[in-house]
Amino acid sequence: MKFGGTSVGDVAAFERVFHIVSTQIERRPIVVVSAMTKVTDALLAAFETAKNGDFAEAFASLETHFERHVEVSKHFIPEGSPNLFNAELEFARGELSDLLMRVTRRSLPLSMLKDAIVSYGEQLSSRLLAEVLKAKGVNARQIDSRRLIVTDDEFGAAQPLIDETNELVKLELGSIVAAGEVPIMGGFIAANRAGETTTLGRGGSDYSAAIVAAALGADELQIWTDVTGVMTCDPRICSSARTIPVLSYEEAAELAYFGAKVLHPKTIKPAVDNSIPVRVCNTFEPEEIGTMIVADSAETPNKIKSIAHKKNITILRISSARMLGSYGFMSAVFQVFERFRTVIDVISTSEVSIALTLDNTGELDKIVTELERLGDVEVDPGYAVICVVGEGLRASTGLASQVFSSIRDINVALISHGASSVNLTFVIKEDEAADVIKKLHQEFF
Ligand code: ASP
Ligand code: MG
């Protein structure tokens with residue numbers, strides 16, 4: 001069971017986590033927890049402040065966040081009873097002060113110090129959650145993830161060394177779970193072979209949870225967040241949007257681009273590869289079943305699962321007679337985007353032109369200047385990408401025609417279909433997006 005930052009944001013959130021964990025105690029859960037909401041950002045900001053030379057300000061900026069932890073601990077742990085959290089917090093204060101001072105003085109490599117500092121979010125949240133659960137009668141035990149998850153030396157985006165990690169996780173957690181204890185681990189944090197603290201990249205707690213689930217062959221991986229699974233479309237656009245009960249991994253991966261609320265496909269891959277179903281649940285509505293993501297969802301002919309969208313898209317068209325019958329042209333175009341580190345989302349090509357979409361236009365002027373050496377360039381802002389996803393697109397005939405005939409009065413600027421067999425993507429004017437989504441939702445749901 002993985003709980004995200006908003007699921008452990010305050011006293012009420014901890015209370016909810018207690019209820020969710022305690023109702024599933026017989027299933028012998030392992031809990032992976034993120035830092036309390038906003039804490040990772042605060043630690044990173046403190047690191048930057050210290051880097052700019054202001055040690056005192058850096059350390060002081062963390063106080064309100066320490067206080068949030070203290071408030072939770074005071075609320076749940078009776079005065080006078082042993083409170084391991086207080087000891088841990090005092091230790092963390094001392095360590096963070098020392099680490100931030102080292103940042104200011106540059107006395108150790110900065111990337112290493114940064115991970116050491118940011119890891120306190122999860123170190124503290126996992127200790128706090130373990131103590132709260134214990135105070136409420138759960139047989140919980142905090143486990144330091146840095147002893148279980150072994151990674152390479154890529155600070156900030158470390159890759160787990162899976163064989164070593166699997167062995168440690170099985171060895172360490174297996175016996176604890178068998179003894180009826182509930183391990184509480186911080187997500188996101190790990191250590192390299194030398195024992196130095198590393199992190200798995202932002203949002204990495206999902207990844208930690210999937211790694212542990214895979215190592216132990218869990219029955220299920222539950223990702224507890226603040227939305228009820230994945231929706232059929234944005235509920236702010238269409239009030240009849242509803243939760244999708246089952247998604248295939250491929251469908252989930254296609255949808256991931258469209259919202260931070262959907263899981264990053266990489267992070268749940270270890271679970272999916274081991275055929276462990278992943279369930280996205282809402283801490284605020286624990287009785288809802290959420291969305292289940294499985295390796296293959298049964299194909300539902302003529303059904304689509306979700307209509308995702310993204311606004312603020314710019315279309316770029318490059319046309320050149322030189323492209324006809326030549327090779328290397330695409331590669332020259334892509335190199336420009338690579339040089340300016342700009343992500344291309346949707347592409348469509350004809351014999352003498354390429355159309356593509358961007359959502360980050362920070363380097364657009366430079367990109368256009370470079371591309372003009374290759375051909376005529378046209379820039380068209382103000383579009384939206386609409387992405388229709390469903391295993392049903394794989395086999396059904398006539399589904400694409402049903403999509404487009406339900407929006408026959410709309411001008412479609414670009415279409416991409418076939419790269420993934422579960423995805424039909426097209427681009428329309430931004431101000432028509434809401435209307436298009438409503439029409440499609442009406443037609444298919
Ligand atoms: N606390 C980390 C972050 O904010 C990891 C996570 O929440 O998954 O990125
Ligand atoms: Mg997250």
Side-chain angles (χ1 to χ4, degrees), residues 1-10 13-14 16-17 20 30-48 61-62 64-66 68-69 72 88-89 92 95-96 99 111 113-130 142-146 148-149 151 154-160 165 183-191 197-214 221-227 252 256 259-271 278-284 293:
M1 306 175 80
K2 180 262 176 177
F3 293 92
T6 49
S7 301
V8 289
D10 54 19
F14 274 77
R16 283 191 290 270
V17 172
I20 292 164
I30 292 164
V31 174
V32 174
V33 65
S34 289
M36 287 177 79
T37 180
K38 301 200 184 90
V39 170
T40 304
D41 288 338
L43 288 162
L44 287 170
F47 168 83
E48 291 300 326
S61 69
L62 296 175
T64 57
H65 296 284
F66 294 146
R68 291 172 55 212
H69 290 82
V72 173
E88 178 97 3
L89 181 62
E95 286 282 290
L96 279 166
L99 289 164
S111 59
L113 287 168
K114 191 176 185 176
D115 270 4
I117 289 168
V118 81
S119 75
Y120 276 92
E122 272 75 7
Q123 289 195 56
L124 288 174
S125 66
S126 58
R127 170 62 71 189
L128 183 55
L129 182 58
Q142 195 235 20
I143 302 291
D144 190 338
S145 308
R146 296 172 301 170
L148 303 189
I149 300 186
T151 69
E154 194 64 41
F155 294 104
Q159 280 302 323
T165 300
I184 314 290
M185 307 173 57
F188 178 57
I189 61 178
T197 301
T198 56
T199 60
L200 306 178
R202 291 306 303 267
S205 296
D206 293 342
Y207 199 21
S208 305
I211 291 165
V212 171
L221 168 61
Q222 297 177 353
I223 305 283
W224 289 88
T225 175
D226 52 7
V227 291
K261 296 291 182 196
V262 185
L263 295 165
H264 194 296
K266 179 191 128 178
T267 62
I268 57 164
K269 194 141 193 310
V278 179
R279 190 191 289 280
V280 183
C281 320
N282 187 347
T283 331
F284 299 87
I293 299 164

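First listed ligand is number 1; within each ligand, the first listed atom is number 1. For this chain, numbers begin at 1 and follow the sequence in order.
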In terms of atom number and element, which parts of ligand 1 are under 4.0 angstrom from non-hydrogen atoms of [X]?
{"X": "Ser34", "answer": "6 (C), 7 (O), 8 (O)"}
{"X": "Glu122", "answer": "1 (N), 2 (C), 5 (C)"}
{"X": "Arg202", "answer": "3 (C), 4 (O), 9 (O)"}

For the backbone of [Y] and the side chain of [X], can you confirm whether one donor and one acceptor N or O come within less than 3.5 Å of each other?
{"X": "Glu122", "Y": "Ala35", "result": "yes"}
{"X": "Thr151", "Y": "Gln159", "result": "no"}
{"X": "Arg146", "Y": "Gln123", "result": "no"}
{"X": "Ser145", "Y": "Ala190", "result": "no"}

*Before signing off on this row, confirm whether Asp206 and ligand 1 have an N or O atom pair separated by under 3.5 Å.*
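Looking only at distances, the answer is no, because the N/O contact criterion of under 3.5 Å is not met.
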
_For ligand 1, which is the ligand I care about here, please tell me if Gly203 has any N or O atom under 3.5 Å from one of the ligand's N or O atoms._
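Yes, at least one N or O pair falls under 3.5 Å.
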
*Run the contact test for Gly4 against ligand 1 with a 4.0 Å cut-off on heavy atoms, strictly below, and give the result.*
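No, Gly4 has no heavy atom closer than 4.0 Å to ligand 1.
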
*asked:* Pairing donors with acceptors under 3.5 angstrom, does anything connect the side chains of Thr199 and Asp115?
replied: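 There is such a pair (donor and acceptor under 3.5 Å, judged by atom type) between the side chains of Thr199 and Asp115.
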
